[in-house]
Chemist: 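Can you keep this structure in mind? I'll have questions shortly.
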Amino acid sequence: MSSPLQLTVNEIFHSIQGEGTWAGLRCVFVRLTGCDLRCAYCDTEYAFHEGKRRPLEGVLAETLAFDCPLVELTGGEPLLQHRAALPFMTALCDAGRTVLIETSGAHDISQIDRRVHRIMDLKTPSSGECARNLWSNLSHLELRDEVKFVIGSREDYEWSRDQVHKFDLSRRVNAVLFSPVFGKIQPVEIVNWILEDKLDVRFQLQLHKFVWDPKQRGV
C-alpha cells in the first residue's frame, strides 16, 4: 500500500495578494520548501530549507479553513514537489477556489490543472539564472496565465522587452508583469522605459513590501 502524499511546507498564511492581476485581494498563500535556483535578488531564502513534511489532506484542510476564495501556491519552487503539488492544486480547484501558482519557469508547467492560473517568472540576466529558463514552457501558456520579469537593470529591461516581442507575449497571456528588484532600481526608471517603448506590459510593485516591513514573513 502506497504512503499518503505529503508536502514539505514552509508556511501557510492569510494576507493580501501583493502582485499580478489579483493584487489587493485577500489570498491564502501556501509556501512550499525548496528551490533549485539561487537568484541574486531572492527575497525568500528562508524557504530553501525551512519546512515540515505534512500530509496533503492536512494542508488542504488548513488552507480551506481560511474560507478565502483565492489561494496561491508558491515557494521556493512548488513544482519541485510536483507529485503532491499537482493533486493539491486540483483539489483546491474542485473545492471552488481560484488557484494561482508562482513558478520560476525552470520546470515543466504542462501538467498543471488547466483551471489553475500560472504565473511564470522568466529569469532575467541579473538573476544569475537566466540559462535555467525552460523555453518550451512558453508553448503551454494560455490566456489565463501571466508572465513576470523581475528587473534590476537596463540590461534586464531590454532583455525582457525583447522576449515580449519575440514571443508575442502581450497577446498570448492575461498579463505580462514588469517588476523592479526591490531596493536595487528606482521604479520610475522602468516606468519611463515602458512609456518610451510604448510596451504593452503591466508595471507592478510588490504591495506587501509597502504595507509591512519588506523583510517580514507571513504577509
Chemist: Cluster question for you: counting only ILVMFWY and a side-chain heavy-atom cut-off of under 4.5 Å, with indirect links fine, are L143 and I112 together?
Modeler: no

Chemist: For residues T103 and E77, is any side-chain donor paired with an opposing acceptor at under 3.5 Å?
Modeler: yes

Chemist: May I ask you to decide whether E189 forms a salt bridge with R154, counting only side-chain N to carboxylate O separations under 4.0 Å?
Modeler: no

Chemist: Using ring pair (Phe, Tyr, Trp, His ring centres under 6.0 Å) as the criterion, point out the one residue from F178, Y157, F167 that pairs with F149.
Modeler: F178

Chemist: Decide whether a cation-pi geometry holds between R161 and W193; the criteria are a distance under 6.0 Å from NZ or CZ to the six-membered ring centre and an angle within 45° of the ring axis.
Modeler: no

Chemist: Decide, yes or no, whether a salt bridge links D200 with R171 under the criterion of side-chain N to carboxylate O below 4.0 Å.
Modeler: no

Chemist: Determine whether D36 and R132 make a side-chain contact, defined as any pair of heavy atoms from C-beta on separated by less than 4.5 Å.
Modeler: yes

Chemist: Do the side chains of F29 and L64 join up, straight or via other hydrophobic residues, at under 4.5 Å, putting them in one cluster?
Modeler: no

Chemist: Tell me, do D108 and L79 make a side-chain contact under 4.5 Å, heavy atoms counted?
Modeler: no

Chemist: Would you sort out whether R217 and E11 count as a salt bridge (Lys or Arg N to Asp or Glu O under 4.0 Å), showing the intermediate values?
Modeler: CA-CA 9 Å; R217 300 189 189 185; E11 58 184 347; over 6 Å; no

Chemist: Do I109 and I119 sit in the same hydrophobic cluster, where Ile, Leu, Val, Met, Phe, Trp and Tyr count as joined when their side-chain heavy atoms come under 4.5 Å apart?
Modeler: no

Chemist: Between D113 and T90, do the side chains contain an N or O donor and an N or O acceptor separated by less than 3.5 Å?
Modeler: yes

Chemist: Between E102 and K148, does any NZ, NE, NH1 or NH2 come within less than 4.0 Å of an OD or OE carboxylate oxygen?
Modeler: yes

Chemist: Passes salt bridge (Lys or Arg N to Asp or Glu O under 4.0 Å), D43 versus K209? Steps please.
Modeler: CA-CA 11 Å; D43 58 2; K209 292 187 176 180; 2.7 Å; yes

Chemist: Exactly one of R31, H117, Q17 should register a side-chain hydrogen bond (donor to acceptor under 3.5 Å, both in side chains) with E72. Which one does?
Modeler: Q17

Chemist: Verify the cluster assignment for Y46 and F182: are they in a single hydrophobic cluster under the rule of side-chain heavy atoms below 4.5 Å apart?
Modeler: no

Chemist: Check for me whether R38 meets the cation-pi criterion with F48, that is, NZ or CZ under 6.0 Å from the six-membered ring centre and within 45 degrees of the ring axis.
Modeler: yes

Chemist: Distance-only, no hydrogens or angles: does the N10 side chain make a donor-acceptor pair with backbone N or O of E50 under 3.5 Å?
Modeler: yes

